[in-house]
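Every value quoted in this text rests on a predicted model; they were computed, and no experiment measured them.
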Amino acid sequence: MHYLEALEKLKKGSKLYLECQSNPSIFHQELREELKNKGQKPYVTIITCSDSRVPVQHIFSASMGELFIIRNAGNIIGDFEIGSAEYASEHLGVELIVVLGHTHCGAVDATVRNQGHSYIKSITEKVSEAIGTEKDQRKAEVLNAKYGVGCLKKSEVLSKLEKQDKLKIISAMYDIESGEVIFEDIK
């Protein structure tokens with residue numbers, strides 16, 4: 001599916017989520033069998049935070065097999081996330097990657113407040129690269145998502161696909177209070 005079609009499908013699913021407050025998508029045995037036999041064909045890769053308040057399939061009114069979701073605290077982008085995104089685009093034909101940040105992100109908050117210990121420090125250090133000295137929580141959350149886009153574009157595989165107009169990589173923000181998703185404009 002072309003990235004513009006994929007983005008429109010995400011926007012339509014997001015609108016439905018806001019209107020219905022439920023996920024009307026299909027989750028049944030026949031679909032599980034079909035996905036087992038025919039494999040997955042997701043139309044988008046979503047890289048987002050592990051935060052349980054970000055219910056990705058629900059936000060986009062999506063069913064099994066539609067979203068290739070990569071999650072970690074702070075929606076940070078490293079080698080594993082880039083490799084997973086490359087796999088989705090090269091082998092599954094995904095033409096849209098969305099780095100989905102969200103409001104009230106604990107990883108960003110910990111970074112802004114200069115907190116984090118043990119292995120959490122590896123997350124806050126990566127978020128710190130993204131936000132620099134920004135202390136405004138919302139601005140920092142947006143910067144963090146946009147930084148993830150830049151990290152993905154460093155991949156030779158993904159940047160080549162983007163130059164060939166076979167892939168678009170954008171950021172978006174999910175507001176956990178309103179349920180709204182604001183997408184970065186495609187240029």
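Each side chain to side chain donor-acceptor pair (under 3.5 Å) pair with one or both residues in residues 79-95, not counting sequence neighbours, appears once here: N72-E81, E86-S155. Among pairs with a residue in residues 100-110, those fulfilling side chain to side chain donor-acceptor pair (under 3.5 Å) read H104-R138, H104-E177, D109-R113, at least two apart in sequence or across chains. Listed by first then second residue, pairs satisfying side chain to side chain donor-acceptor pair (under 3.5 Å) with a partner in residues 116-133 read E129-Y147, not counting sequence neighbours.
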When you look at L10 and L96, which way does the side chain to side chain contact (heavy atoms under 4.5 Å, CB included) test go after all the steps?
CA-CA 10 Å; L10 280 177; L96 179 64; 3.9 Å; yes
Step by step, would you call V181 with F60 a side chain to side chain contact (heavy atoms under 4.5 Å, CB included)?
CA-CA 9 Å; V181 177; F60 298 113; 4.1 Å; yes
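For the pair L7 and K11, the minimum side-chain heavy-atom distance is below 4.5 Å. A 4.5 Å side-chain heavy-atom check between Q115 and I120 finds every atom pair outside the cut-off. A 4.5 Å side-chain heavy-atom check between Q164 and K160 finds at least one atom pair inside the cut-off. Residues V54 and R71 are in side-chain contact: their nearest non-hydrogen atoms beyond the backbone lie under 4.5 Å apart.
One hydrophobic cluster, built from ILVMFWY side chains closer than 4.5 Å, holds both V157 and I77. Hydrophobic clustering (side-chain heavy atoms under 4.5 Å, transitive across Ile, Leu, Val, Met, Phe, Trp, Tyr) groups L167 together with F68. F183 and L4 fall within a single hydrophobic cluster, where Ile, Leu, Val, Met, Phe, Trp and Tyr are joined by side-chain heavy atoms under 4.5 Å apart, directly or via other members. The cluster map of Ile, Leu, Val, Met, Phe, Trp and Tyr, joined by side-chain heavy atoms under 4.5 Å apart, puts V56 and Y174 in the same cluster.
The neighbour count for K153 NZ, taken as heavy atoms of other residues, nucleotides or ligands under 6.0 Å away, is above 12. Residue E30 qualifies as open at atom CD: its count of foreign heavy atoms under 6.0 Å is 12 or below. Around atom NZ of K15, no more than 12 heavy atoms belonging to other residues, nucleotides or ligands sit under 6.0 Å away.
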